[in-house]
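The shown structure was predicted, so the numbers you read here are calculated from the model rather than taken from an experiment. These numbers come from the heavy atoms of this one structure, side chains and all, not from hydrogens, waters or symmetry mates.
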Amino acid sequence: MTETRLRTWTHASGYTLAALFTAALALQNLRYGFYQLFYTALAMSALMMAGLIYTCLCRRQQLSAPGHLVILTALNSGLVAAVITTNAPGISHWAMPLILLNLLILPLRHGLALSTLLLIPVLIVTWLSGLPGAALLTSIGLLAILAITSLYIWHYDHMTQSAQDLAITDPVTGAHNARFLDDTLQKEISRAIATGHPLSVVSLNIDHAEEIHDLYGKAGMQNLLQEMTATLFEIIRAGDSLYSVNGSQFFLVLPFTPEEGVRVIAERIRRTITEHDWQDVGQISASLGCTTRGNGDTSTASLRERAMTAMYEAQKRGADAAWFSPGESIKA
């Protein structure tokens, strides 16, 4: 199940359960003749049903649907107004489902802020109008729900982010993996086509990688790849991205970089690798192939293939070299 679909089901379930709970409150107040509370609960149930309908209509945009904040702000404001004006016993308990909804549906920071703005007047009215013992129990209950739900949402967000990082990160080097390369490169190609800005890529291969592996073993090779990844991250600019592919190969995506720029960057990388004294293995070299997007480059395949071809050409020329392969010129 995708994150968007999961959030759609979660938001829909949250609105539905909260609407049922509030509708039950409305019927209970109607039964005992508390008509003002009945209409308040009925209005809140209607807003929650509106949230459910909005969730269904925007099911494909649940990760960035701004309407939830408007609906929940209206719900929280309505309850605060009811607490202040009616001073009815037990109405502060109505804040419990709203706290859960705030934190379940909104981003954690927004949910915490809205829940805090709800709790402050509710707790003030509770302490001013009720017995100290009952006010203390209500305060503890509301704050406990806020704390426990916030902790759960934070843990879920942390686990989600960790899973996303694992899905796009190479476990050995810490660079992005090959699976994430095509997605990012296609987005950069589309952006370059739309804006007209240049886009360049670099394919890098460690020379004599098999011999290095045979001499220093798997651990030595992994240490080299990790150290090289850290070095490359220091060389590339903000906005550039680095990927680990096929063991001893790296791939760099350089947005807003013309031919002259990628030539300079590739040569700087080659010299840094050659002149660096690498831990465990000492001196090594690398072959780099680079290219810039041309008119015919509308997908990732042509750019990656041309960069690889340029890298093989650098290897044929004795390794420890950077070779540029031009694409078709961009027409104005």
Trainee: With a 4.5 Å cut-off on side-chain heavy atoms, are His93 and Leu142 touching?
Mentor: no
Trainee: Can you classify the ring geometry of His176 versus Tyr243 as parallel (below 30°), tilted (30 to 60°) or perpendicular (above 60°)?
Mentor: tilted
Trainee: Are Leu136 and Trp127 side-chain neighbours, meaning at least one heavy-atom pair lies under 4.5 Å?
Mentor: yes
Trainee: With a 4.5 Å limit on heavy-atom distance, are the side chains of Glu267 and Phe324 in contact?
Mentor: no
Trainee: Nearest 0.5 angstrom please: Asn76 CG to Ser115 OG, how far?
Mentor: 6.5 Å
Trainee: Between atom CG of Leu303 and atom CG of Leu199, what is the distance when rounded to the nearest 0.5 Å?
Mentor: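 So the CG of Leu303 and the CG of Leu199 are separated by 6.0 Å.
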Trainee: Just wondering, more than 12 heavy atoms not from Glu305 lying within 6.0 Å of its CD?
Mentor: no
Trainee: Would you tell me whether Tyr15 and Ser13 have side-chain atoms, one donor and one acceptor, within less than 3.5 Å of each other?
Mentor: no
Trainee: Should His276 and Gln283 count as side-chain neighbours, where that means a heavy-atom distance under 4.5 Å?
Mentor: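 SC-SC contact between His276 and Gln283 ruled out.
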Trainee: Linking I/L/V/M/F/W/Y whenever their side-chain heavy atoms sit closer than 4.5 Å, directly or via other members, would Tyr39 and Leu25 fall into one cluster?
Mentor: no
Trainee: When you compare the side chains of Ser203 and Arg304, does any donor N or O come within less than 3.5 Å of an acceptor on the partner?
Mentor: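 Not at all, the side chains of Ser203 and Arg304 share no donor-acceptor pair under 3.5 Å.
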Trainee: Could you give the distance from CG (Leu119) to CG (Leu143), rounded to the nearest 0.5 Å?
Mentor: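 That separation rounds to 6.0 Å.
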Trainee: Check the surroundings of atom CZ in Arg237: do more than 12 heavy atoms from other residues, nucleotides or ligands lie under 6.0 Å from it?
Mentor: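 For Arg237, atom CZ is crowded (more than 12 foreign heavy atoms under 6.0 Å).
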Trainee: Is the shortest side-chain heavy-atom distance between Met44 and Thr40 below 4.5 Å?
Mentor: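 Side-chain contact under 4.5 Å: yes.
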Trainee: Do the charged groups of Glu260 and Arg263 touch, with an N to O distance under 4.0 Å?
Mentor: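 Here Glu260 does not pair with Arg263 in a salt bridge, since their nearest N and O are not under 4.0 Å apart.
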Trainee: Under the side chain to side chain donor-acceptor pair (under 3.5 Å) rule, what do Thr274 and Asp320 come out as? Steps first, then yes or no, please.
Mentor: CA-CA 8 Å; Thr274 302; Asp320 190 19; 2.8 Å; yes
Trainee: How about Asp297 and Ile189: do any of their side-chain heavy atoms sit closer than 4.5 Å?
Mentor: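 Of all side-chain heavy-atom pairs linking Ile189 with Asp297, none is under 4.5 Å.
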Trainee: Check for me, please, whether Ile284 and Met311 land in the same ILVMFWY cluster - side-chain distances under 4.5 Å, paths through other members count.
Mentor: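 Each belongs to a different hydrophobic cluster.
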Trainee: Would Tyr152 end up clustered with Met96 when hydrophobic side chains under 4.5 Å apart are linked, directly or stepwise?
Mentor: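 Both belong to a single hydrophobic cluster.
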Trainee: Hey, does Ser325 have a side-chain heavy atom less than 4.5 Å from the side chain of Thr309?
Mentor: no
Trainee: Using the rule that two of Ile, Leu, Val, Met, Phe, Trp, Tyr join whenever any of their side-chain heavy atoms come within less than 4.5 Å, decide whether Phe233 and Leu288 are in one cluster.
Mentor: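 Yes, because Phe233 and Leu288 connect within a single hydrophobic cluster, where side-chain heavy atoms sit under 4.5 Å apart.
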Trainee: Between Asn205 and Ser287, is there a side-chain donor-acceptor contact under 3.5 Å, judged purely by atom types and distance?
Mentor: no
Trainee: Is any side-chain heavy atom of Leu118 closer than 4.5 Å to one of Val122?
Mentor: yes
